[in-house]
Amino acid sequence: MDISQLRVNGARLRNTLEEMAKIGGTPGGGVQRLALSDEDKTARDLFVKWLKEIDCEVIIDEMGNIFGKRAGTDDSLDPVVSGSHVDSQPKGGRFDGILGVMGALEVMRTIHENNIKTKRPVIIVDWTNEEGSRFAPAMVSSGVWAGALDKEWAYARKDINGKTQGDELERIGYKGSVPAKAWPIHAYYEYHIEQGPILEKENKTIGAPKGILCLHWYDIYLEGEANQVGPTPMEGRHDALCAAAEMILKVNETPEKMGGNMVSTVGEIQNYPNSRNIIPDGVHFTVDIRSWDDDLAVRAWESMKKEFQEIADRRGTPIRMEETWRVEHAPFNDKLVKRVLETSEELGYSNLYMVSGAGHDASYMNQICPTAMIFVPSIGGRSHVEVENTTWEDCEAGANVLLHSMLKSAEEE
Ligand code: GLV
Ligand code: MN
Ligand code: MN
């Protein structure tokens with residue numbers, strides 16, 4: 001057959017995504033499939049079932065990463081790999097992550113039903129806990145797999161209820177025995193929604209990011225002095241929440257102060273004891289800093305740290321600042337990025353060279369092998385929310401670009 005005419009089955013991809021969207025589906029039209037939750041397990045079980053239906057070899061490693069392998073005609077060659085994640089944010093969307101796993105599955109199904117023999121093996125993957133919203137940090141299992149993060153440290157990470165990532169992996173039956181350790185990869189492609197407004201604004205179907213911004217996470221713990229709110233005068237209070245409020249505004253103001261080219265956000269906060277008539281004596285909040293310029297991100301943190309300390313001293317609220325996680329900006333492989341753009345062109349899809357503001361497992365993969373990503377538009381630029389949406393037509397287009405990018409890599413010497 002003429003391989004250049006091969007296309008994925010868009011209707012089947014849509015059905016597959018709709019099936020997955022039922023798992024953890026929320027009343028607002030999104031999904032909640034937190035890492036290692038029962039919903040994550042159900043989605044994994046279905047993914048494994050679908051892999052077996054097309055005769056893929058299923059491999060589950062110590063971090064619960066699920067690989068589905070289709071042999072090449074020369075199995076001694078390094079494989080072509082693609083995947084993303086099936087976990088979601090709390091009240092997240094129906095496309096973030098899952099599109100990259102189901103898109104890769106659709107590619108595999110297309111190859112399988114057309115009985116195509118690729119020279120190199122083709123592997124698709126679901127990386128455990130990409131989101132990092134239940135257990136910080138994000139992209140933890142591709143990080144361990146790539147050798148950038150320690151496995152035991154990852155196992156010991158706790159959720160808000162004190163459950164560890166390692167125990168939860170075991171509970172849902174996905175702590176495999178295969179070492180979570182990289183093997184050589186010829187090319188890694190990750191297919192994902194853009195999660196931003198650019199493609200829609202530029203009226204383009206496919207985005208090829210030149211890379212991903214750096215991502216730095218911090219955890220801040222403040223101590224205050226609790227007391228009855230009525231009888232306690234305003235003077236002399238040590239209110240941990242007021243200290244946090246001042247700090248949070250500093251985080252919001254820092255990008256402008258640093259001259260732009262970065263973003264910083266406080267997205268999570270816990271206040272203790274969280275009663276309307278007790279002065280708060282404990283606060284935990286998170287800081288997320290991103291930039292293409294790693295040094296700028298570090299300098300921004302140094303500036304925030306200084307300001308946080310001044311606020312804590314002035315308010316008499318002792319502070320502890322943890323540097324939880326850093327991943328450097330990831331400039332992708334030029335040849336593969338070009339391939340994504342050229343393949344889009346060949347298939348007749350408009351395309352754009354851009355940058356990824358969102359973090360992806362591709363960041364860690366980029367540290368060990370040639371890597372690129374394929375983006376499709378997010379309607380209204382919304383993501384990590386229940387209304388996250390992408391047209392079925394665009395989902396199909398991205399999967400076709402993935403199919404042909406992977407096939408080209410799979411035939412290379
Ligand atoms: C990953 O979802 C991120 O926070 O960018
Ligand atoms: Mn994602
Ligand atoms: Mn996400």
Side-chain angles (χ1 to χ4, degrees), residues 17 20-21 24 26 30-37 39-40 43 47 65 82-104 124-143 149 188-198 207 209 211-219 251 262-268 286-292 297 324-330 354-366 371 373-378 381-390 395 398 402:
L17 287 164
M20 276 289 175
T26 58
V31 296
Q32 176 152 315
R33 221 164 29 230
L34 297 181
L36 311 182
S37 62
E39 293 77 19
D40 186 8
F47 177 50
N65 297 319
S82 181
S84 197
H85 58 99
V86 312
D87 70 316
S88 86
Q89 289 286 324
K91 281 198 182 175
R94 293 172 297 144
F95 295 89
D96 178 2
I98 197 74
L99 176 64
V101 185
M102 297 305 117
I124 65 178
V125 54
D126 163 36
W127 300 108
T128 296
N129 185 20
E130 189 275 347
E131 294 291 3
S133 47
R134 180 178 177 199
F135 305 97
M139 294 129 63
V140 68
S141 302
S142 53
L149 300 174
Y188 176 78
Y189 293 99
E190 186 162 345
Y191 173 30
H192 209 280
I193 51 167
E194 180 201 347
Q195 307 188 272
I198 314 277
I212 304 179
L213 305 186
C214 78
L215 239 145
H216 297 182
W217 280 8
Y218 306 96
D219 283 86
V251 175
M262 60 164 289
V263 289
S264 52
T265 310
V266 175
E268 182 182 345
T286 60
V287 179
D288 174 308
I289 303 177
R290 306 184 189 206
S291 176
W292 187 256
T324 306
W325 178 54
R326 280 183 185 175
V327 57
E328 290 171 8
H329 89 285
M354 55 188 304
V355 73
S356 173
H360 301 287
D361 293 299
S363 260
Y364 281 125
M365 295 309 283
N366 189 64
T371 294
M373 289 190 77
I374 297 159
F375 280 176
V376 283
S378 293
R382 304 286 307 280
S383 183
H384 281 185
V385 289
E386 291 170 295
V387 299
E388 178 182 276
N389 205 359
T390 292
C395 290
L402 179 65

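The figures that follow rest on heavy atoms only: side chains count, while hydrogens, waters and symmetry mates do not. Counting starts at 1 for both ligands and their atoms, following the listed order.
Close contacts between ligand 1 and E131 involve ligand atoms 1 (C), 2 (O) [criterion: under 4.0 Å to a heavy atom]. Residue contact check: G359 has heavy atoms under 4.0 Å from atoms 1 (C), 3 (C), 5 (O) of ligand 1. Listed by atom number, the atoms of ligand 1 under 4.0 Å from A358 heavy atoms are 5 (O).
Nearest N/O/S atom of H384 relative to the Mn ion (ligand 3): this is NE2.
Residue contacts with ligand 1 for E130 involve side-chain atoms from C-beta outward but no N, CA, C or O (heavy atoms, distance under 4.0 Å). Under 4.0 angstrom from ligand 1, there are no non-hydrogen atoms of M139.
Looking at D126, its side chain does come within 3.5 Å of a backbone N or O of V86 through a donor-acceptor pair.
No side-chain N or O of S383 forms a donor-acceptor pair with one of D96 less than 3.5 Å apart.
Taking any N or O of H384, backbone or side chain, at least one lies under 3.5 Å from an N or O belonging to ligand 1.
Below 30°, between 30° and 60°, or above 60°: for Y364 and W325 the angle between ring planes is between 30° and 60°, a tilted geometry.
Residues M20 and F95 fail the side-chain proximity criterion, which asks for heavy atoms closer than 4.5 Å.
Partner of E190 under the side chain to side chain contact (heavy atoms under 4.5 Å, CB included) criterion, chosen from D361, T371, I374: D361. Screening E130, H85, M365 for a side chain to side chain contact (heavy atoms under 4.5 Å, CB included) with M139, the sole residue that qualifies is E130.
Note that NE2 of H216 and CZ of R290 are 11.0 Å apart. Values are rounded to the nearest 0.5 Å.
Considering only non-hydrogen protein atoms, atom 4 (O) of ligand 1 sits nearest to R290 NH2, 2.8 Å.
If you look at the Mn ion (ligand 2), the protein N, O or S atoms less than 2.8 Å from it are H85 NE2, D96 OD1, H192 NE2.
Taking both residues in full, the closest heavy atoms of E388 and R94 are given as OE2-N, 3.4 Å, listed atom of the first, atom of the second, then distance.
Atom CZ of R382 is surrounded by 12 or fewer heavy atoms from other residues, nucleotides or ligands within 6.0 Å.
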Open item on the list: V251 vs T265, test: side-chain contact (heavy atoms from CB on, under 4.5 Å). Steps then yes/no.
Closed with: CA-CA 6 Å; V251 175; T265 310; 5.7 Å; no
